[in-house]
Amino acid sequence: MSTASRPTPTVVAPRSMPTGQRNVVRSNDSASLWNCTLSPGWTQSEVQILRKALMKFGVGNWMKIIESECLPGKTIAQMNLQTQRMLGQQSTAEFNGLHIDALEVGELNSKKQGPDVKRKNNCIVNTGGKLTRDEVESRRNAHRERFEKERDVWENIVLERVDSPLVVLERKREELKALQSELQQVLDKIKAVETSEAQPSNSEKQVGSKRQRE
């Protein structure tokens, strides 16, 4: 008995994603995709400190942040990279010197979409030609009007000094030495007690001597 041949199902090739489509915020996207991402070696608490430091000293004033000792161990390159992620864009020149909340700008940038919006590591990248000095200044003035905090706000921001990791490490070493010394004293006392218990008492010595005489 011959079997009838079955028609071969048609396989539809997947369509490539249109240009810019990956930058569109969709309703089923995780909200965390559009939050500020951490650069390697950064914690959330350090990001909040940098956020306040940028408001107080202005974007790009890295030496003032370093001199404030609020982020010990962080280099200019590390702070610049994390600032990019907070702003949600790779170009920071148009914000230089402005006392802004970087996360406020980043939230707005995260909502931008369209075929001309390209992102890398959640940061918008410039796909056009290099901006002229006048264009950068024009953008800075616009950002100043829109985002800069009042002087009495950023001047009164207090940044606590944080101990350098090396200072903290040395302190922990001293604490460890003290604990080791305390432990050794306890061990010496235990050994002394064990040695004392292992030696016969005077009464036991007298009984032993009496038996030997008998």
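Atoms considered below: every heavy atom in the structure, side chains included; atoms not considered: hydrogens, waters and symmetry mates.
In terms of modelled atom types and a separation under 3.5 Å, the side chain of Ser110 and the main chain of Glu107 share a donor-acceptor contact. With hydrogens and angles disregarded, no donor-acceptor distance shorter than 3.5 Å links the side chain of Ser196 to the backbone of Ala192. Without hydrogens or angle criteria, Asn109 side chain to Leu87 main chain gives a donor-acceptor distance under 3.5 Å. Of the possible polar contacts, one joining the Gln78 side chain to the Thr75 backbone as a donor-acceptor pair under 3.5 Å is found. Here the side chain of Thr83 pairs a donor or acceptor atom with the backbone of Met79 at under 3.5 angstrom. Between the side chain of Glu135 and the main chain of Thr132, a donor-acceptor pair closer than 3.5 Å is present. Remark: the backbone N or O of Leu38 is paired with a side-chain donor or acceptor of Arg85 at under 3.5 angstrom.
Ile100 and Leu108 fall within the same hydrophobic cluster, defined by Ile, Leu, Val, Met, Phe, Trp and Tyr side-chain heavy atoms under 4.5 Å apart, directly or through other members. Taken together through direct or relayed side-chain contacts under 4.5 Å among Ile, Leu, Val, Met, Phe, Trp and Tyr, Leu50 and Leu81 form parts of separate hydrophobic clusters. In the hydrophobic cluster analysis, where Ile, Leu, Val, Met, Phe, Trp and Tyr join through side-chain heavy atoms closer than 4.5 angstrom, Val158 is grouped apart from Val47. Linking Ile, Leu, Val, Met, Phe, Trp and Tyr residues whenever their side-chain heavy atoms come within less than 4.5 Å places Phe57 and Leu103 in a single cluster. Under a hydrophobic clustering in which Ile, Leu, Val, Met, Phe, Trp and Tyr are joined whenever their side-chain heavy atoms come within less than 4.5 Å, directly or via other members, Met86 and Ile76 fall into the same cluster.
Residue pairs meeting the salt bridge (charged side-chain N to carboxylate O under 4.0 Å, His left out) criterion with at least one member in residues 41-57, sequence neighbours excluded: Glu46-Lys74, Arg51-Asp101.
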Run the side chain to side chain contact (heavy atoms under 4.5 Å, CB included) test on Thr92 and Gln84 for me, step by step, so that the C-alpha distance in whole Å, both residues' side-chain angles and the decisive distance to 0.1 Å come before the verdict.
CA-CA 7 Å; Thr92 62; Gln84 290 176 348; 3.8 Å; yes
Evaluate side-chain hydrogen bond (donor to acceptor under 3.5 Å, both in side chains) for Gln184 paired with Asp188, printing each intermediate quantity in order.
CA-CA 6 Å; Gln184 188 60 50; Asp188 291 343; 3.0 Å; yes
Kindly determine whether Arg140 and Val136 satisfy side chain to side chain contact (heavy atoms under 4.5 Å, CB included), including the steps that lead there.
CA-CA 6 Å; Arg140 184 183 294 116; Val136 171; 3.8 Å; yes
Take Arg119 and Lys112 through the side chain to side chain contact (heavy atoms under 4.5 Å, CB included) test and state the conclusion after the steps.
CA-CA 10 Å; Arg119 287 188 170 86; Lys112 291 181 178 180; 4.2 Å; yes
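Residues Leu98 and His143 share a closest heavy-atom pair of CD1-CB, 3.7 Å. Among all heavy-atom pairs drawn from Gly60 and Asn96, the shortest one is CA-OD1, 4.1 Å. Of all heavy-atom pairs between Ser68 and Leu159, the closest is OG-CD1, 4.5 Å. Across every non-hydrogen atom of Leu54 and Ala102, the tightest pair is CD1-CB, 4.0 Å. For the residue pair Trp62 and Asn80, the shortest heavy atom distance occurs at CZ2-OD1, 3.6 Å. Across all their heavy atoms, Asp152 and Asn156 have their closest contact at O-ND2, 2.5 Å.
Remark: Glu155 CD is packed, more than 12 non-hydrogen atoms of other residues, nucleotides or ligands lying under 6.0 Å away.
Within the model, atoms CD of Glu145 and CG of Asn141 stand 8.0 Å from one another, a figure rounded to the nearest 0.5 Å. Distance check: Glu94 CD to Asn126 CG gives 9.0 Å after rounding to the nearest 0.5 Å. Taking OG of Ser91 as the reference point, atom CZ of Arg139 lies at 7.0 Å (rounded to 0.5 Å).
Residues forming a salt bridge (charged side-chain N to carboxylate O under 4.0 Å, His left out) with Arg144 (at least two apart in sequence, or on another chain): Glu148. Partners of Glu194 according to the salt bridge (charged side-chain N to carboxylate O under 4.0 Å, His left out) rule, which considers only residues two or more places apart in sequence or in another chain, do not exist here. Considering only residues two or more places apart in sequence or on other chains, Trp154 meets the ring-ring contact (aromatic ring centres under 6.0 Å, His included) condition with His99.
Grouping Ile, Leu, Val, Met, Phe, Trp and Tyr residues whose side-chain heavy atoms lie under 4.5 Å apart, directly or via other members, places Ile190 in a hydrophobic cluster with Val186. Listed by chain and number, the hydrophobic cluster partners of Val193 come to none, as no ILVMFWY side chain reaches under 4.5 Å of it.
Remark: Glu137 does not engage Arg133 in a salt bridge, criterion side-chain N to carboxylate O under 4.0 Å.
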